[in-house]
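Okay, so here's the structure we're looking at.
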Amino acid sequence: MAACSVSPLRAPSSSTKPKRNSPKNPELRPIETIKTDLLFNFNTPFELKQAHSLVIKSNKHHSVLPLSRVASVCALTPSFDYAQSVFEHVDKSEIVIWNSCIRSFAEGDSPVNAIHLFYRIRCADIRPDSFTCSFVLKACSAARDVSNGRIVHGLVEKLGYGSDLFLQNTIVHMYACCDAMDDARKLFDEMPERDVVTWNIMITQLTKRGDIGKAQELFDVMPERSVRSWTAMIAGYVQCGEAKKAIELFTMMEEAGERANEVTVVAVLAACADLGALNLGRRVHEYSDRCGFRRNVRVCNTLIDMYIKCGCLEVARMVFDEMEERTVVSWSAMIGGFAMHGQGEEALKLFSKMSRIGIRPNEITFIGLLHACSHMGLVEEGRKFFASMASEYGIAPRIEHYGCMVDLLSRSGLLQEAYELIKNMPIKVNGVVWGALLGGCWVHKNVELAEEAFKHLLVLDPNNDGYYVVLSNIYADAGRWDDAARVRKLMRDIGVKKTPGWSSVTVGCVVHEFVAGDGSHPHAEEIYQSWEKLLEKLKLSGYVPNTSVVLLDIDEHQKENVLFRHSEKLAVVFGLMKTPPQTPIRIMKNLRVCEDCHAALKLISKISDREIVVRDRNRFHCFKDGFCSCRDYW
DNA sequence: ATAGGGTTAG
């Protein structure tokens, strides 16, 4: 294959034609072996010839499948002209066989082979047709090989296929995939004629690059839209974290009379998962049932994820149990879901079941498992899983896994061991890892190590307000008020702003949002009055406001007022007011629940006989009868 | 035989 090494795609002189070599590895294998391999399992020219003779004997030499297998092997061995001699007696034209072969390489694991084969075809002076070009361009996209892509582009023009719309689309796609967006855009702008696919390619590629604005511009002006155009935009908005816009667009799509397909459903469900939009999620679930989309594994996986992130673990489990086939993604989603909901035992049980039936875990499965161990304080179990990643499954732990381990160790009070783990990590430490140690230092009151962790955080992630808040809390807990104040001053000096906390609660089909201290809500007056009444009952049940979580230099009374306006309190009061008794209240919050709200919510669940499900930044808290599913360990 | 969306974690 090194015969013509100048440019793989230029037509060669005859001297560069590969020679017909004798087999390098003529190991003799009994013919029966080849038979049982169904003629397709050969890799040396010698085996190839044996297989060929079998193809002829079995009278299959007219079918493309064994022939393109023969051709594929030739592409990787020095038997190219032998393959050609095979094709001489076939009723299909030779280029058709090569095309099918290039295509299967282009769509397989090693698209580079498609490019190698194309080069051999050019070397043999065989004229590519437009299909050949489209397949090899597809391979260039997959291999992100823009230089060969450019050469094929030139060749397309030279061979007179330049005005073929199919090929133009493929070329635009190729440039975009190879990160040559300017070339793609230029070509797109210059195209005399475009079809809906052309527009869709541009839109999809722009959204993949996070350029949702430009994608929207094109979407707005395109002459006609297909389901795929809508889907690309919806998926694009989900990808860049704008789930609300995604759902708006989905509504518009329905109004335009377009019917969602499996891919649309996946994107919309992902948006519901992000927003905790259970009602829409349920509607899409029913729609998927009616359309038979539940046969699709990805639809089910996304459904599971949606229910998990909307706090409906049981429904997620039902969808999981009803699936016809499950992939590692299904198992990982479910394991991670149990971990997120504080049901570590279930997560581990599911993992054993998964292993028993022979599904190999991937790196994401382990993130769920380590989370589960962390939430249950299962240090030994976690250590074992962590070690088994490399030793049993050949998966190198990534930074996220180290983060989980540091979290597990430091939450369990093994702060020194966690610190050692960080110091001996074979990969670069990030803020999340130090942040996990800092969190452990808060729980276990270790000021010195907290200072050490914070030192690194100040370098790695100085704009993250959470770390200042935690360190300040640690000082406050230790009675070191001056130091706590110093941290707050440092925060001001650097210009780090505290992320405003918000919570949302769903009432009927409407999501109501509350920001901490919210006086602007239309029902603010009503909510505050309700809170005062609730507060009396809370105090009778033993609630004592924990003002230490308020890090402002104000007096106790003012601190209480700040505390009582925390967004999750406003949201739960509103939920109690506006939803029927006994129904669960579902709340979402952008930050972690503070200690005081956590204590209050436990009591509220008891006093008002309600299940309160709170989706935190990290996990779920399910408050019921005065207890929380996190067992106060979060 | 030809081009364009999608799942788990962070």
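So you know, we letter chains A, B, ... as the sequences are listed, proteins then strands, and number each from 1.
Within residues 304-319 of chain A, the residues approached by DNA chain B to less than 4.0 Å at the level of any non-hydrogen atom are A/D305, A/K309, in residue-number order. Interface residues of residues 161-185 of chain A facing DNA chain B, ordered by number: A/F166, A/N169, A/T170, A/H173; criterion, heavy-atom separation under 4.0 Å.
Scanning DNA chain B 5' to 3' for nucleotides with an atom closer than 4.0 angstrom to a non-hydrogen atom of chain A gives a first and last hit of B/dA1 to B/dG10.
In this structure, A/R398 reaches the bases: a heavy-atom distance under 4.0 Å links it to at least one base atom across the strands shown. Among the protein residues, A/T327 comes within range of no part of the nucleic acid, since none of its heavy atoms lies under 4.0 Å from any strand. A/I201 comes within contact range of the sugar-phosphate backbone alone, with a heavy-atom separation under 4.0 Å but no base atom that close.
Note that A/R360 lies outside the cation-pi zone of A/Y393, set by a 6.0 Å cut-off to the ring centre and a 45° limit from the axis.
Between A/R294 and A/D289 a salt bridge is recorded (basic side-chain N to carboxylate O distance below 4.0 Å).
In this structure, A/D109 places its CG atom where only 12 or fewer heavy-atom neighbours from other residues, nucleotides or ligands lie under 6.0 Å away. A 6.0 Å sphere centred on CD of A/E193 holds no more than 12 heavy atoms belonging to other residues, nucleotides or ligands.
Within the structure, salt bridge (charged side-chain N to carboxylate O under 4.0 Å, His left out) contacts touching residues 253-262 of chain A (residues at least two apart or in different chains) are A/E254-A/R283.
No close placement of the A/F366 and A/F386 rings is indicated, their centers lying 6.0 Å or farther apart.
Scanning for ring-ring contact (aromatic ring centres under 6.0 Å, His included) contacts around A/F320 gives A/W331, with sequence neighbours left out. Every residue two or more places apart in sequence or in another chain was checked for a ring-ring contact (aromatic ring centres under 6.0 Å, His included) with A/F135, and none qualifies.
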